[in-house]
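Only one structure is covered here, and it is reproduced in the block below.
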Amino acid sequence: MKRSTHEAFLRKLQNAVVLAGLSMLIPCSSAFAQAPDNSKTNQQDRDKGSATADQQAENQVDRDLARKIRKSIMDDKSLSGYAHNVKVIARGGTVMLKGPVRSEEEKTAIEAKAVEIAGATNVKNELTVKPKSE
C-alpha cells in the first residue's frame, strides 16, 4: 500500500472504531442518567423534629452504641436488605430505630437487638413494615 492510501485506511478504521464505541456508550449513558424516584421512601423524615441519621451524636459513647447495634443487625443474615439498612440514631444514650423492614418479625428482632445493647428504656422503635408488594 502507498503511504497516503495506508494513512487514509487507518483514519477510516480509527473513525469506525470511535463511532462504534460511541454508538454503544450513548444508549448506556442515557439509561443510567435518570435519578431514581424514591420520593415516597423517606416521607417519615420530612416531619419537622423527626430524627434523621445526620443527627447522630458525635460523642464516643453514642457512636459506640450505634455501631454495636448496627453490627448486631448486620451480623444477622436472616434479615432482609431493608432490615440491614434501617437507621440507628443514638443521642444521649437513647437509640432511635427508623426505616422500613419486611415483616413484624424483623421489626421485633431489630428492636430486641437494640434493647439487648442499649436497654429497654433507651430504645424508641419507629420501624415500619413494608411488605414485598410495595
Sub-3.5 Å donor-acceptor pair from the side chain of E104 to the main-chain atoms of V129, do we have one?
no
Counterpart residues, salt bridge (Lys or Arg N to Asp or Glu O under 4.0 Å), relative to K124 (two or more places apart):
none
In the structure I gave you, are the side-chain heavy atoms of R67 and D64 within less than 4.5 Å of one another anywhere?
yes
What I'd like to find out is whether the side chain of V101 reaches to under 4.5 Å of the side chain of K130, using heavy atoms alone.
no
Got I89 and K98 here, is their nearest side-chain heavy-atom distance under 4.5 Å?
yes
Between I69 and A118, the two heavy atoms sitting closest are CD1-CB, 4.4 Å
Answer yes when K71 and D75 have at least one side-chain N-carboxylate O distance shorter than 4.0 Å, and no when they do not.
yes
Residues in side chain to side chain contact (heavy atoms under 4.5 Å, CB included) contact with K113, at least two apart in sequence or another chain
S72, I73, D76, L79
Has R70 got a side-chain atom pairing as donor or acceptor with V88's backbone, closer than 3.5 angstrom?
yes
Kindly give the heavy-atom pair with the smallest separation between V86 and P100, and that separation in Å.
CG1-O, 3.9 Å
Keeping N125 on the side-chain end and E111 on the backbone end, is there a donor-acceptor pair under 3.5 Å?
no
A side-chain contact here means heavy atoms from C-beta on lying under 4.5 Å apart; do N122 and V95 qualify?
no
S80 and E106: which non-hydrogen atoms are nearest, and at how many Å?
N-OE2, 2.5 Å
Do the non-hydrogen side-chain atoms of K87 and M96 ever get within less than 4.5 Å of each other?
no
How far apart are the closest heavy atoms of L97 and A114, and which atoms are they?
CD1-CB, 3.9 Å
Mind checking side-chain hydrogen bond (donor to acceptor under 3.5 Å, both in side chains) for T108 and listing every partner two or more places apart, or none if nothing turns up?
none
CG (L127) and OH (Y82) are apart, to the nearest 0.5 Å, by 14.0 Å
Do the side chain of Q14 and the main chain of L10 share a donor and acceptor less than 3.5 angstrom apart?
no
